[in-house]
**Q** 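The following block contains the structure, expressed as structure tokens.
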Amino acid sequence: MTTNSQTRGEIRGRRRRGRAVAAPTPSRDVNYRQLKNPFPLMEVFPSDQIADMHETALSMLEELGMKVLLPEARRIYAHGGARVDEDSEMVYIGRDMVEAALATAPKSIPCYAGARHRDFTLELGSLVFQPGAGAPNATDLVRGRRPASGQDYLEFLKLTHHFDVFQMISPQVEPQDVPTNVRHYFTTQAQIELTDKFPFFFSRGTPQVMDCFEMLSIARGLSDDEFRSTAHSYTIINTNSPRTLDIPMAQGLIDFARYGQVSIVTPFTLMGAMAPITVAGAITLSHAEVLAALVLTQMTNPGAPVCYGTFTSNVDMKSGAPAFGTPSHFQASLAAGQLARHLGLPWRSAAGSASNLNDVQAANENQFGLWGCLMAGATVVIHSAGWLEGGLSVSFEKMICDAEVLNMVAELCAGAQAGEAEIGYDTALREVDPSGHFFATSQTMERYNTAFYEPHVHDYANFGTWTERGSVDANHRATGIWQNILNTFEPPKQNPDRVGALQDFIARRTEEGGAPPES
């Protein structure tokens with residue numbers, strides 16, 4: 001009779017002999033690109049109160065109206081049945097118009113990047129991350145805080161491309177040393193040549209938007225019909241709360257809808273400032289503004305892709321400064337998620353931090369805001385990495401540190417398995433005697449190189465080893481990481497003919513004077 005110890009010895013012997021001729025241990029291959037939110041959704045308000053908030057928003061649009069500064073937008077609203085007062089520029093939108101728009105707005109939006117493995121779909125249940133966006137300043141431990149430059153824009157773009165967990169390119173930072181009439185050429189060319197991820201274009205007037213669409217079509221070899229038929233780019237539309245839609249934002253909604261590109265509508269409401277001081281009041285106002293923008297897109301082009309959005313937090317009532325990662329910020333995300341699900345639309349939320357540097361406050365605020373987005377079921381999470389000072393700067397080190405957390409969230413999206421191979425009765429449990437260890441079991445040897453997430457910032461060494469290595473904290477480790485990424489960066493391969501045609505287009509349009517932003 002063979003004893004358990006004899007069996008284990010034979011197994012270990014075979015395993016040792018087998019390892020001499022075994023194939024190389026596989027490396028980890030985890031897809032962070034097409035994520036699904038695995039977390040149970042939280043609700044902050046009962047469903048009947050959410051329904052009341054929606055009804056209140058409809059009444060707000062009918063009775064109080066939206067101030068719409070673009071004449072073309074007012075004409076579109078009027079043609080669709082809205083009551084328009086040209087003297088006051090007020091538009092009163094009936095609930096029947098909202099219902100018609102909700103009937104045509106797509107609930108699922110396929111998004112086509114520069115490479116097929118980068119494609120994703122915006123819909124309830126999917127999960128997409130963007131880094132911090134739209135900041136006028138950049139900061140890092142080497143060069144300090146400064147007005148953002150073209151070089152900063154390029155470097156943030158390279159970092160965004162490096163981490164698969166960022167599926168969309170964000171507005172990043174404003175390259176303030178690039179003139180505004182040609183800035184969109186600089187940022188669009190950079191997105192085309194340095195990454196194959198889903199690009200962002202500002203809505204700063206039709207001439208700039210048309211230039212960006214043409215550049216992307218040239219780079220991807222798309223005809224006008226091919227470009228219009230699917231979503232290849234997106235913009236962010238910020239209403240001017242309370243209840244105002246300005247000229248470039250209204251024009252952006254029209255332009256992107258006409259060409260079948262994605263508008264992410266995002267009222268930026270701060271409780272106690274440009275919105276009511278309560279979560280319910282602020283989110284109801286935000287909801288009404290999104291609905292007004294949604295109606296404009298669907299009247300322009302029924303079926304145009306549009307993403308519900310909100311960015312609602314509170315102000316510090318002692319200073320009036322924006323605060324992020326607060327309990328109210330968390331609750332606002334939950335409420336917005338409930339309203340987005342009430343409509344059935346994909347939606348955008350945000351993390352972020354009001355801290356002035358990449359410190360414990362920054363980490364706490366960003367992660368608390370992030371978990372608010374995850375528990376609320378957000379489709380797109382913007383400002384998920386690097387965002388400081390309430391959006392006044394993006395930090396290189398914070399982007400690296402936050403990407404660590406996002407990678408770990410992405411690991412959770414894959415889910416855990418509990419099949420026979422994972423339980424490991426024969427390959428682990430049977431092989432180890434009481435008081436033994438599992439370092440050398442068959443299951444461990446098969447999986448040791450692929451089982452666990454490998455951090456890029458976190459250091460799991462003990463205190464003695466960490467001290468011998470120089471006692472380097474996470475912030476300074478992050479500096480070395482972003483520097484190494486930039487030093488070793490290799491852009492995706494490009495079609496040289498299309499690159500040449502793109503450069504010719506930029507040269508011609510620059511010679512013609514470019515396209516100044518409109519306001």
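Throughout, numbering of the chain's residues begins at 1 and tracks the sequence.
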**Q** Give the intermediate values and the outcome of side-chain contact (heavy atoms from CB on, under 4.5 Å) for residues F166 and Y32.
**A** CA-CA 8 Å; F166 301 126; Y32 290 175; over 6 Å; no
**Q** Can you name the nearest heavy-atom pair linking L334 to G372, along with the distance?
**A**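 Scanning both residues, the minimum pair turns out to be CD2-O, 4.0 Å.
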**Q** My understanding is that only residues two or more places apart in sequence, or in another chain, count here; which of them pass side-chain contact (heavy atoms from CB on, under 4.5 Å) with P46?
**A**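 D48, Q49.
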**Q** Shortest non-hydrogen contact from H184 to D211?
**A**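 Taking H184 first and D211 second, the nearest heavy atoms are NE2-OD2, 3.0 Å.
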**Q** What's the verdict on side-chain hydrogen bond (donor to acceptor under 3.5 Å, both in side chains) for N314 and T326, showing C-alpha distance, side-chain angles and the deciding distance?
**A** CA-CA 8 Å; N314 60 284; T326 66; 2.6 Å; yes
**Q** So, for I169 and F200, which heavy atoms are closest and what is the spacing to 0.1 Å?
**A**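 For I169 versus F200, the nearest heavy atoms are O-CB, 3.4 Å.
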**Q** side-chain hydrogen bond (donor to acceptor under 3.5 Å, both in side chains), that's the test. Do E431 and T441 meet it? Break it down for me.
**A** CA-CA 6 Å; E431 292 186 22; T441 66; 5.0 Å; no
**Q** Could you tell me how the ring of F213 sits relative to the ring of Y259: parallel (under 30°), tilted (30 to 60°) or perpendicular (over 60°)?
**A**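 Because their plane-to-plane angle lies in the 30° to 60° range, the rings of F213 and Y259 count as tilted.
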**Q** Contact between V405 and L370 at the side-chain level, heavy atoms closer than 4.5 Å - yes or no?
**A**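 The answer is yes, as the side chains (C-beta and beyond) meet within the 4.5 Å cut-off.
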**Q** Closer than 3.5 angstrom, by distance alone: can the side chain of E397 be matched with the main-chain N or O of H476 as a donor-acceptor pair?
**A**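 Checking the backbone N and O of H476 against the side chain of E397, no donor-acceptor pair under 3.5 Å is found.
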**Q** Is the backbone of G419 close enough, under 3.5 Å, to the side chain of E422 for a donor and an acceptor to pair up by distance?
**A**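 Judged by distance alone, yes, a pair lies under 3.5 Å.
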**Q** For a 4.5 angstrom cut-off between non-hydrogen side-chain atoms, does E193 reach P491?
**A**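 The answer is no; the side chains never approach within 4.5 Å.
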**Q** Which pair of heavy atoms, one from S241 and one from F268, lies closest together, and at what distance?
**A**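 Looking at all heavy atoms of both residues, the shortest contact is OG-O, 4.0 Å.
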**Q** How about N37 and S126: do any of their side-chain heavy atoms sit closer than 4.5 Å?
**A**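 Side chain of N37 against side chain of S126, heavy atoms only: no contact under 4.5 Å found.
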**Q** Where the side chain of N487 meets the backbone of Q483, is there a donor-acceptor pair that is under 3.5 Å apart?
**A**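 Yes, N487 side chain to Q483 backbone: donor-acceptor pair under 3.5 Å.
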**Q** By the side chain to side chain donor-acceptor pair (under 3.5 Å) test, which pairs, at least two apart or in different chains, include something from residues 382-393?
**A**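 Non-adjacent pairs meeting side chain to side chain donor-acceptor pair (under 3.5 Å): R145-E389, H383-W387, E389-S393.
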**Q** Check whether the side chains of N358 and S395 place a donor and an acceptor atom closer than 3.5 Å, and report yes or no.
**A**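 No donor-acceptor contact under 3.5 Å links the two side chains.
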**Q** Please evaluate residues T160 and Q172 with respect to the criterion side-chain hydrogen bond (donor to acceptor under 3.5 Å, both in side chains), reporting the C-alpha separation (whole Å), side-chain torsions for both, the decisive distance (0.1 Å), and the verdict.
**A** CA-CA 9 Å; T160 302; Q172 304 187 132; 3.3 Å; yes
**Q** Given ring pair (Phe, Tyr, Trp, His ring centres under 6.0 Å), test F311 with F324 step by step and report yes or no.
**A** CA-CA 10 Å; F311 192 18; F324 300 97; 5.3 Å; yes
**Q** Measure from the side-chain N and O atoms of Q338 to the backbone N and O of A376, and report whether any donor-acceptor pair falls under 3.5 Å.
**A**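 No: the side chain of Q338 does not pair with the backbone of A376.
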**Q** Hey, could you give me the OG1/NE2 distance between T444 and H437, rounded to the nearest 0.5 Å?
**A**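 That separation rounds to 9.5 Å.
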**Q** For residues Q34 and N31, is any side-chain donor paired with an opposing acceptor at under 3.5 Å?
**A**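 Q34 vs N31: donor-acceptor pair found between side chains.
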**Q** Do V279 and M271 have side chains that approach each other closer than 4.5 Å (heavy atoms only, starting at C-beta)?
**A**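 Yes. Closest side-chain heavy atoms under 4.5 Å.
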**Q** E155: which residues meet the salt bridge (Lys or Arg N to Asp or Glu O under 4.0 Å) condition with it, sequence neighbours left out?
**A**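 Scan of E155 (salt bridge (Lys or Arg N to Asp or Glu O under 4.0 Å), adjacent residues dropped) gives R143.
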**Q** Can you tell me which residue pairs pass the salt bridge (charged side-chain N to carboxylate O under 4.0 Å, His left out) test with a partner in residues 122-137, sequence neighbours excluded?
**A**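 As it turns out, the salt bridge (charged side-chain N to carboxylate O under 4.0 Å, His left out) pairs with a partner in residues 122-137, which skip direct neighbours, are K36-E123.
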**Q** OG1 of T479 to CG of D140: how many Å apart, nearest 0.5 Å?
**A**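 One finds 7.0 Å between OG1 of T479 and CG of D140.
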**Q** Does R430 make a cation-pi contact with Y425, if we ask for NZ or CZ under 6.0 Å from the ring centre and within 45° of the axis?
**A**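 No.
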**Q** How many angstroms lie between CD1 in I218 and CD in Q503, if you round to the nearest 0.5 Å?
**A**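 Result: 11.0 Å between the selected atoms.
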**Q** Consider side chain to side chain donor-acceptor pair (under 3.5 Å). Of R118, H161, K158, which one does T195 pass it with?
**A**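 One option only clears the test, and that one is H161.
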**Q** Is it the case that the side chain of D316 and the backbone of A321 share a donor-acceptor pair, with hydrogens and angles ignored and the cut-off at 3.5 Å?
**A**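 No: the side chain of D316 does not pair with the backbone of A321.
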**Q** Show your reasoning for whether side-chain hydrogen bond (donor to acceptor under 3.5 Å, both in side chains) applies to S333 and S349.
**A** CA-CA 7 Å; S333 294; S349 192; 3.3 Å; yes
**Q** With a 4.5 Å cut-off on side-chain heavy atoms, are E174 and F202 touching?
**A**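 They are in side-chain contact.
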**Q** Hey, is the main chain of E226 close enough, under 3.5 Å, to the side chain of S229 for a donor-acceptor pair?
**A**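 Here the side-chain-to-backbone pair exists.
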**Q** Can a donor-acceptor pair be found, under 3.5 Å and without considering hydrogens, that links the side chain of Q167 to the backbone of V165?
**A**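 Pair found, side chain donor or acceptor close to backbone of V165.
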**Q** Among pairs that include at least one residue of residues 404-414, which meet salt bridge (charged side-chain N to carboxylate O under 4.0 Å, His left out), considering only residues two or more places apart or in two chains?
**A**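 Matches after skipping sequence neighbours: R28-E411.
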**Q** Measure up the Y112 and H232 rings against each other and bin them: parallel (under 30°), tilted (30 to 60°), perpendicular (over 60°).
**A**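 Rings of Y112 and H232: tilted, as their planes differ by 30° to 60°.
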**Q** Would you mind reporting whether C413 and L127 have side-chain heavy atoms less than 4.5 Å apart?
**A**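 Touching, per the 4.5 Å side-chain cut-off.
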**Q** Under a 4.5 Å cut-off applied to non-hydrogen side-chain atoms, are V306 and V265 in contact?
**A**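 In contact.
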**Q** For the ring-ring contact (aromatic ring centres under 6.0 Å, His included) test, which of F396, F489, F163 pairs with W482?
**A**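 For W482, the ring-ring contact (aromatic ring centres under 6.0 Å, His included) test succeeds with only one of F396, F489, F163, which is F396.
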**Q** How far does CG of L392 sit from CG of N356, to the nearest 0.5 angstrom?
**A**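 These two atoms lie 9.0 Å from each other.
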**Q** Give a yes or no on whether a salt bridge exists between R33 and D119, defined as a side-chain N under 4.0 angstrom from a carboxylate O.
**A**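 Salt bridge absent between R33 and D119.
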**Q** Where is the tightest heavy-atom contact between L253 and I237, given as atom of each residue plus distance?
**A**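 Minimum heavy-atom contact is CD2-CG1, 3.6 Å.
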**Q** Any carboxylate oxygen within less than 4.0 angstrom of a Lys/Arg side-chain nitrogen, looking at K493 and D196?
**A**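 Salt bridge flag = no for D196 with K493.
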**Q** Quick one: which residue pairs count as a salt bridge (charged side-chain N to carboxylate O under 4.0 Å, His left out) with a foot in residues 345-366, not counting sequence neighbours?
**A**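 Counting only pairs at least two positions apart or across chains, no salt bridge (charged side-chain N to carboxylate O under 4.0 Å, His left out) contact touches residues 345-366.
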**Q** Inspect the surroundings of CZ in F452 and state if more than 12 heavy atoms from other residues, nucleotides or ligands are less than 6.0 Å away.
**A**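 No, CZ of F452 has 12 or fewer neighbouring heavy atoms, counting only those of other groups under 6.0 Å.
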**Q** Mind checking the CZ-SG spacing from F256 to C212? Nearest 0.5 Å is all I need.
**A**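 Interatomic distance, F256 CZ to C212 SG, rounded to 0.5 Å: 7.5 Å.
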**Q** What are the two closest non-hydrogen atoms of L345 and A105, and how far apart are they?
**A**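 In terms of heavy atoms, the two residues are closest at CD2-CB, 4.0 Å.
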**Q** May I have the step-by-step check of side-chain contact (heavy atoms from CB on, under 4.5 Å) for T121 and I109, ending in yes or no?
**A** CA-CA 5 Å; T121 299; I109 306 171; 5.7 Å; no
**Q** So Q191 and M215, do their side chains get closer than 4.5 Å, heavy atoms only?
**A**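 Heavy-atom side-chain distance check fails, nothing below 4.5 Å.
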**Q** Donor-acceptor pair, T465 side chain versus A461 backbone, under 3.5 Å?
**A**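 No; judged by distance alone, with no hydrogens or angles, the pair does not exist.
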**Q** For the pair T235 (side chain) and F201 (backbone), establish whether a donor and an acceptor sit closer than 3.5 Å, ignoring hydrogens and angles.
**A**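 Looks like yes, one N/O pair under 3.5 Å.
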**Q** Using modelled atom types only, decide if a donor and an acceptor are shared between the side chain of Q176 and the backbone of P136 within a distance under 3.5 Å.
**A**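 Indeed, once roles are kept as given, a pair shorter than 3.5 Å links the two residues.
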**Q** Report the distance from atom OG1 of T312 to atom NE2 of H287, rounding to the nearest 0.5 Å.
**A**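 Here the interatomic distance stands at 12.5 Å.
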